[in-house]
Amino acid sequence: MSRWHELTGGTSGRDYAERFAALARSGKDMHGEARLCAALVPEGARVLDAGCGTGRVMIRLAALGYDCTGVDLDASMLAVARQQAPELPWFQADLTEFEPGALGVPAGFDLVVAAGNIFPLLAPGTEAAVAGRLAAALRPGGLLVAGFGLDEAHLPVPPGITLPEYDDCCAAAGLTLVDRFATWDADPYDGGGYAVSVHRR
């Protein structure tokens, strides 16, 4: 069982969406993830939102002209995504077993984005398998962009995977680190408690 499911019971979709809606109403910028992705690949590129949740990032990327596919295991989150953007392709699947072809989706994505603390919230011990699955979904030269917390201040659960461990998982999957930021606004990484990592296949 994933740490996310242990935390939420798989029923938090509407509460999660409302929390971000409230932040948006307060004037907070909610599109840093999409902005960074858009800076990395050209309009029209194929993007996989791995752990897409309620679809906030993917819906924005689709509006910017990207060819997006969303995958998540949490049915309550996907229900919100499908309600908000029924025209987009949302799939329920476990990232540890993810195969695009099994869902009728071609591989060869230009970019895979894993926002929202995906890696720290996986079932412990599955991080390398997920990195391998996501790497396999990329075209040669494609990018995996993952942002997640590294300490208790940036996570809803005790810290799990460290950056060196994550880099090792990526290296084993044939991915090379090309950049690392402290935020989705591409601030330089300074060793703090949150990191956005860009790896290339």
Side-chain angles (χ1 to χ4, degrees), residues 31-53 55-73 78 81 85 88-122 126-148 161-189 194-201:
H31 299 304
E33 299 99 329
R35 237 188 344 268
L36 180 58
C37 292
L40 294 172
V41 289
E43 182 179 340
R46 294 186 65 226
V47 175
L48 173 68
D49 190 345
C52 61
R56 178 178 57 85
V57 176
M58 179 168 138
I59 291 169
R60 178 63 174 173
L61 283 169
L64 293 174
Y66 290 86
D67 179 4
C68 298
T69 300
V71 176
D72 203 287
L73 186 57
L78 286 172
L88 297 178
W90 309 101
F91 295 94
Q92 186 174 13
D94 188 334
L95 292 179
T96 64
E97 302 171 352
F98 175 63
E99 291 184 14
L103 303 176
V105 176
F109 286 93
D110 299 297
L111 183 143
V112 174
V113 57
N117 287 319
I118 300 304
F119 276 87
L121 292 171
L122 294 171
T126 65
E127 298 89 353
V130 171
R133 294 288 185 172
L134 299 184
L138 287 167
R139 65 167 175 79
L143 299 172
L144 169 62
V145 186
F148 54 85
I161 190 169
T162 65
L163 278 181
E165 289 168 345
Y166 176 67
D167 287 341
D168 287 346
C169 290
C170 289
L175 300 170
T176 302
L177 180 68
V178 294
D179 226 330
R180 176 161 285 146
F181 308 109
T183 68
W184 288 96
D185 290 322
D187 295 316
Y189 182 67
Y194 190 89
V196 180
S197 306
V198 183
H199 287 77
R200 187 185 305 277
R201 178 177 176 188

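We use all heavy atoms of the structure for the numbers below, so side chains are in, but hydrogens, waters and symmetry mates are not.
Proximity of V57 to W184: side-chain heavy atoms (C-beta onward) are nowhere separated by under 4.5 Å. In this structure, the side chains of M58 and E33 stay at 4.5 Å or more apart for every pair of heavy atoms. Taking 4.5 Å as the limit, some side-chain heavy atom of C170 sits within range of a side-chain heavy atom of L144. H31 has its side chain out of reach of L64: every pair of non-hydrogen atoms, C-beta onward, lies at least 4.5 Å apart. By the 4.5 Å heavy-atom criterion applied to side chains, L111 and Y66 are not counted as neighbours. Side chains of F91 and L48 form no contact here, defined as non-hydrogen atoms less than 4.5 Å apart. Side-chain contact check for V198 versus F181: some heavy-atom pair is nearer than 4.5 Å.
Summarising the geometry of A38 relative to L61, their closest heavy-atom pair is N-CD2, 4.4 Å, with the distance given to 0.1 Å. A85 and W90 get closest at one heavy-atom pair: O-NE1, 2.9 Å. Minimum interatomic distance between L103 and V71 (heavy atoms only, all atoms of both residues): CD1-CG2, 4.5 Å. The nearest pair of heavy atoms linking L121 to G116 is CD1-O, 4.1 Å. Between L95 and G51, the shortest heavy-atom contact is CD1-N, 4.0 Å. D72 approaches C52 most closely through the heavy-atom pair OD2-N, 3.3 Å.
Side-chain atoms of Y189 do not come within 3.5 Å of backbone N or O of S197 as any donor-acceptor pair. A donor-acceptor pair is defined here as one N or O able to donate and one able to accept, closer than 3.5 Å; no such pair exists between the side chain of Y166 and the backbone of I161. D110 contributes a side-chain N or O that, together with a main-chain N or O of R46, makes up a donor-acceptor pair within less than 3.5 Å. Judged by distance alone, with hydrogens and angles left aside, the side-chain atoms of R201 form a donor-acceptor pair with the main-chain N or O of L138 at under 3.5 Å.
Taking R35 as the reference, D29, D185 meet the salt bridge (charged side-chain N to carboxylate O under 4.0 Å, His left out) condition, with sequence neighbours excluded. Every residue two or more places apart in sequence or in another chain was checked for a side-chain contact (heavy atoms from CB on, under 4.5 Å) with A129, and none qualifies. For F109, there are no ring-ring contact (aromatic ring centres under 6.0 Å, His included) partners, not counting sequence neighbours. Partners of T162 by side-chain contact (heavy atoms from CB on, under 4.5 Å), not counting sequence neighbours, listed by chain and number: P164, E165. Every residue meeting the side-chain contact (heavy atoms from CB on, under 4.5 Å) condition with R200, not counting sequence neighbours, appears here in chain and number order: L143, V178. Applying the side-chain contact (heavy atoms from CB on, under 4.5 Å) criterion to A135, with sequence neighbours excluded, gives A173, L175.
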Verdict with reasoning, R133 to E99, per salt bridge (Lys or Arg N to Asp or Glu O under 4.0 Å): CA-CA 7 Å; R133 294 288 185 172; E99 291 184 14; 3.1 Å; yes
